[in-house]
Amino acid sequence: MLSKVEQLELGTILCKHCETIIGTFDAEKVTVYYSDCQEPDCHEERVKKAQQQDVSDVRLK
Ligand SMILES: [Zn+2]
């Protein structure tokens with residue numbers, strides 16, 4: 001029988017861009033590290049957002 005929660009790991013690695021949980025690790029207290037999930041979708045979203053921001057900046061000025 002497989003247990004869903006094998007072990008409660010307090011360390012979490014989140015993507016700093018989309019906040020997807022990339023992984024967990026054993027830690028003595030709640031610890032969050034931010035990294036990059038390397039997902040193509042995440043990268044694309046960032047590119048889109050950057051482009052949208054550029055456009056709105058131009059229109060506001
Ligand atoms: Zn991401």
Side-chain angles (χ1 to χ4, degrees):
M1 182 181 135
L2 285 170
S3 160
K4 254 192 174 180
V5 180
E6 292 176 6
Q7 187 188 347
L8 188 66
E9 293 186 312
L10 295 173
T12 308
I13 307 165
L14 295 177
C15 173
K16 60 188 167 189
H17 306 292
C18 65
E19 296 189 349
T20 293
I21 296 171
I22 300 165
T24 57
F25 60 93
D26 202 8
E28 284 178 16
K29 59 188 175 76
V30 177
T31 310
V32 180
Y33 281 131
Y34 286 93
S35 189
D36 194 319
C37 68
Q38 310 282 325
E39 294 288 339
D41 282 356
C42 177
H43 181 73
E44 259 179 50
E45 280 295 310
R46 265 182 280 154
V47 171
K48 274 186 206 165
K49 274 182 193 169
Q51 284 171 346
Q52 281 169 2
Q53 275 169 5
D54 283 350
V55 170
S56 57
D57 274 356
V58 169
R59 281 181 184 167
L60 281 168
K61 278 171 191 167

Trainee: Which residues pass the side-chain contact (heavy atoms from CB on, under 4.5 Å) test with Thr31, sequence neighbours left out?
Mentor: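 Partners of Thr31 under the side-chain contact (heavy atoms from CB on, under 4.5 Å) test: Phe25, Ala27, Lys29, Tyr33.
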Trainee: Please give me the minimum heavy-atom distance between Glu28 and Leu10, naming the atom from each residue.
Mentor: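 Reported closest heavy-atom pair: O-CD1, 3.6 Å.
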Trainee: Which heavy-atom pair separates Asp36 from His17 by the least distance, and what is that distance?
Mentor: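 Heavy atoms of Asp36 and His17 come nearest at OD2-NE2, 3.6 Å.
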Trainee: How long is the straight-line distance from SG of Cys37 back to CD of Glu19, given to the nearest 0.5 Å?
Mentor: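 So the CD of Glu19 and the SG of Cys37 are separated by 11.5 Å.
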Trainee: So which atom in Ile13 and which in Ser35 form the shortest heavy-atom distance, rounded to 0.1 Å?
Mentor: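 Closest heavy-atom pair between Ile13 and Ser35: CG2-CB, 3.9 Å.
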Trainee: Yes or no on side chain to side chain contact (heavy atoms under 4.5 Å, CB included) for Leu14 and Thr20, after CA distance, side-chain angles and deciding distance?
Mentor: CA-CA 5 Å; Leu14 295 177; Thr20 293; over 6 Å; no
Trainee: Starting at SG of Cys15, measure out to CZ of Arg46 and round the result to the nearest 0.5 Å.
Mentor: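 Going from SG on Cys15 over to CZ on Arg46, the span is 6.0 Å.
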